[in-house]
Each structure stands twice: as C-alpha cells, then as structure tokens.
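The sequence lines fix the lettering, A, B, ..., with proteins before strands; numbering per chain opens at 1.
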There are 2 protein chains.
Amino acid sequence: MLDKLNTHHHGNLHEALIVAGIELLNEGGMHALTLRKCAARAGVSHAAPAHHFDGLNGLLAAIVARGFQQFTEAMVGEREKAAKDPFSILCAICRGYLKFAITNEALFNLMFSPQMQDLEDNNSQRELPDAYQVLRDACAPFKHGSNGAAGTELMVWSLVHGFAQLTRKNRVHPDKHTTDDTNFDNILRDLKLELV
Amino acid sequence: MLDKLNTHHHGNLHEALIVAGIELLNEGGMHALTLRKCAARAGVSHAAPAHHFDGLNGLLAAIVARGFQQFTEAMVGEREKAAKDPFSILCAICRGYLKFAITNEALFNLMFSPQMQDLEDNNSQRELPDAYQVLRDACAPFKHGSNGAAGTELMVWSLVHGFAQLTRKNRVHPDKHTTDDTNFDNILRDLKLELV
DNA sequence: CTTATATATTGACACTGTCAAGTTTATGAT
DNA sequence: ATCATAAACTTGACAGTGTCAATATATAAG
C-alpha cells in the first residue's frame, strides 16, 4: 500500500479531476474542457468521473466552486498588500477582481455563465456569498446613495464586473487600447464616493 | 418555378438558418443550438449549412451579428419613446439594454462570450460599434471625469453591462429580489452625472 | 476466509461538427 | 437548343462527446 502505482484506485480522483478541468480551461478555453479529457489527464478511464460527480454538470459545478474560492483569495490577497484607508482597500479589491478575471479568463466566464447560475440555484451551493462579502465589506465605509447599502454594492459590483467583461480584448475601445486595470482606479474615483 | 416545393434549392437558407439558430437559442439556451438542428428546422440535410457558413463558428458569428442589430434596435426603440432630456435618454438607452439582455438571455451571453470576441477580432466584423455609438451619443451631453469622454462611456457601459450579467437570476441579492430594471435609474442617478 | 461495498473499466448508444464524394438544380456560353 | 459549368443540397463516413448498463477489481467488514 506504499505505492499506488498500477492499483485500481486512484486515491484522490475527485480532486484530480477538478485540477485537470481547471488546467484544460486555462489551456484551451471552455471548448477544451471535456469529461473524457479530464479523465485521461487524471490517468483514468472515460467513465470514471461519473462515480465522483453527477455527470459533466457536476464537474462543472465543482470547478466553479473552486473558482470562487480562488476568486476570493485573489481579492483578499490584494487587500492585504494595500494601504488601509477605505478607498485604497476598495481599489485593491477591484484590482484582485480584475486580475483574476484576466488571468483565468475561461474559468471566470464559466463562473458567471447563465447555465452555472441555474445549476447553483438548483443545488443551492452558494459559494458566491463568500466573494460577495469581501466586496460588501469594502463598500461598507462609504455613504450610501438612494438605494442604500445594497445599491452601493450593486453599483460597484456591476461596474467592476462589466469592466472585466468588456475590457478583455479591447472590445470597448478599438481605437485606443489603454484599458488596463490601472485605469479602473480612476473610474472608481469618478464615482465620488464619500466616507460616512 | 412558381412554387418551390420539393425543389432542391431552399431559396433563402442563409436567413432561415440564422432565424432557426436564434429560435433554438431562445428556446433551449446555448446547449440547444446545434448545426444539425438548425438544418433540420430549416428542412434541409445536416451538411447543408456548410455551403452558407464556415462551420458552426460561421453560423454563430452570423447569429451574433444579427443579435447586435436587434440589440441596437432595442436601445433606439426605448430612446424614441422617452423624454428628450439627456438623463431620460440615458435611462432609456439602459432600459433598452437591459430589456434586450433579459429577453434574449442566451443570445446576449453568446454575443459577449470570449469565443465570439475572438472570432470577431479575426474576421474584423465590427458590428459592436453601431450599438456602442448609441450609448456614446447618450453619454456625450454629460461632463467628463478624469478619463475624458471615453471614461464616462466606459463607466456607464461597464455599469449597465455588469448589472445585466449580475441581475439575471437575483445572483447579487439572494435575500431581497427587487433588482428590476427600474432600479437601474436610481443607480444612474447615484453617478451624479452633470450636464456640460 | 467470505462477503459486501466502493471504485474503476469496458462497451455500447445517440448525439455532435466536419469532411469527401455524389446528385440534383440552375446558370451561362456557344 | 445543347452542353458545360457552377452552385445548392444530399449521403455517408469519421472522430469526438456525454451517458448509461454491465463487468471486473480492490478495499473494508464480519
């Protein structure tokens, strides 16, 4: 039992399949993510994943859950490195947000794709609140607009999310491709958020 | 040649395939959009589409192009019905934006999916500018922030786009599901845009 | 040691997109 | 008018895909 080579059991196939899936996602996009390729990369037959996930959708849901963990870590990681005033923290959160969206493009898109949102509603997995709470905390110190705290959160959340979607390939500004994530600080500044 | 029944030629297969594709998209989501099903719905064999589009990607590109046309029409349609002051016009544009995103969920997601953006870059089709110009015009009357006119446009564009993505299934506010498109007017108000 | 259960394999099925080759229809030149 | 050519569509095949049923193997329990 010391070496598991040539054994029938994999040991930790559940985890291996998730990792393989995220790898495939990063390498070749959503199109390259396949149940059979995940199995092959984990060194296992094509039908093995069925014993660990409820089909492809189950694996996708697990990958998305893992993605939200890393997503939260990306935001918190930037927050740790930033200055401790509210506006710097908010900028750092958004920087982590955009950094993750750019670094893990396909995964990010999968996480927020409509089919995944449907799956989550059915399974009520609710990984999002962790990531959302990070952003909520960053919005808390600011004065709220006409829609209360939820309005401020929704505004910042929509803004950074839309920015992430739109600036992937200079979609918005074909002429001048200066839409780096550094520019987002200026957009946040234009919101003229006031401390409470 | 008066009736084309039982004839070898379809007559307008190109258009029929696009229409069939959008129908399938609305009925069953991205998962239901299939080259073979489009062909079947158009009453034609499974390999016929290859003579009108460059494979599935070609059909998708055509569907996306059609989608952007309808997208622009949705925004312009709301603008026509609105009052003529700049802020009402901007609200109307966003209302059309969100209306289209909600009504054509799968199509909207396809339009802004990364793979489509890649395809457009290769083909340089550039249907987006039409829709973007509508939003640009609506932003023009307002004073610009630290990033100039492009910054204002990007801010509004990101905001409404992110809002559309996030409020599809009450993703943002699991507790209170009051994120109608009417609330977006309040968010726009909180931007405190000033006339130039 | 025997039994039982979780784990993985094999094989099959209905799909998918794509390609090559053949068939029918329309068009155009002589 | 006749024939050649091109366009439109069909047929058949191929490699992949997800999923299911049946099978084999390894681990665990009694």
Return each pair, listed once, that meets ring-ring contact (aromatic ring centres under 6.0 Å, His included) where at least one residue sits in residues 24-60 of chain B; pairs must be two or more places apart or across chains.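 Counting only pairs at least two positions apart or across chains, the ring-ring contact (aromatic ring centres under 6.0 Å, His included) contacts touching residues 24-60 of chain B are His14(B)-Phe53(B).
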In whole Å, what is the span from the [atom1] atom of [X] to the [atom2] atom of [N]?
| X | N | atom1 | atom2 | value |
| --- | --- | --- | --- | --- |
| Leu13(B) | dA7(D) | CG | C1' | 13 Å |
| Asn12(B) | dA7(D) | CG | P | 18 Å |
| Leu59(B) | dG17(C) | CG | P | 10 Å |
| Leu35(A) | dT9(C) | CG | P | 13 Å |
| Leu56(A) | dT17(D) | CG | P | 11 Å |
| Glu15(B) | dA8(D) | CD | C1' | 18 Å |
| His31(A) | dT16(C) | NE2 | P | 15 Å |
| His51(A) | dT25(D) | NE2 | C1' | 12 Å |

Tell me every residue that passes side chain to side chain donor-acceptor pair (under 3.5 Å) with [X], counting only those two or more places apart in sequence or in another chain.
| X | result |
| --- | --- |
| Ser88(A) | Asp85(A) |
| Asn104(A) | none |
| Asn109(A) | Arg168(A) |

Under 4.0 Å between a side-chain N or O of His52(A) and OP1 or OP2 of dA6(C)? no
With a 4.0 Å cutoff (strictly under), does any side-chain N or O of His14(A) reach OP1 or OP2 of dT7(C)?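 So the side chain of His14(A) is outside the cut-off, no N or O lying under 4.0 Å from OP1 or OP2 of dT7(C).
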If we ignore angles and hydrogens, is there a donor and acceptor under 3.5 Å between the side chains of Tyr97(B) and Glu78(B)? no
Comparing Pro49(A) and Leu33(B) on DNA chain C - which has the more 5′ nearest nucleotide: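 Nearest nucleotide further toward 5': that of Pro49(A).
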Note: Glu23(A)-Lys37(A) ion pair, threshold 4.0 Å (strictly below): no
Can you pull every protein N or O that's under 3.5 Å from an N or O on nucleotides 11-16 of chain D?
residue	atom	partner	partner atom	Å
dG12(D)	O6	His46(B)	NE2	2.8

With sequence neighbours left out, write down each residue that passes ring-ring contact (aromatic ring centres under 6.0 Å, His included) with Phe142(A), or none if nothing qualifies. none
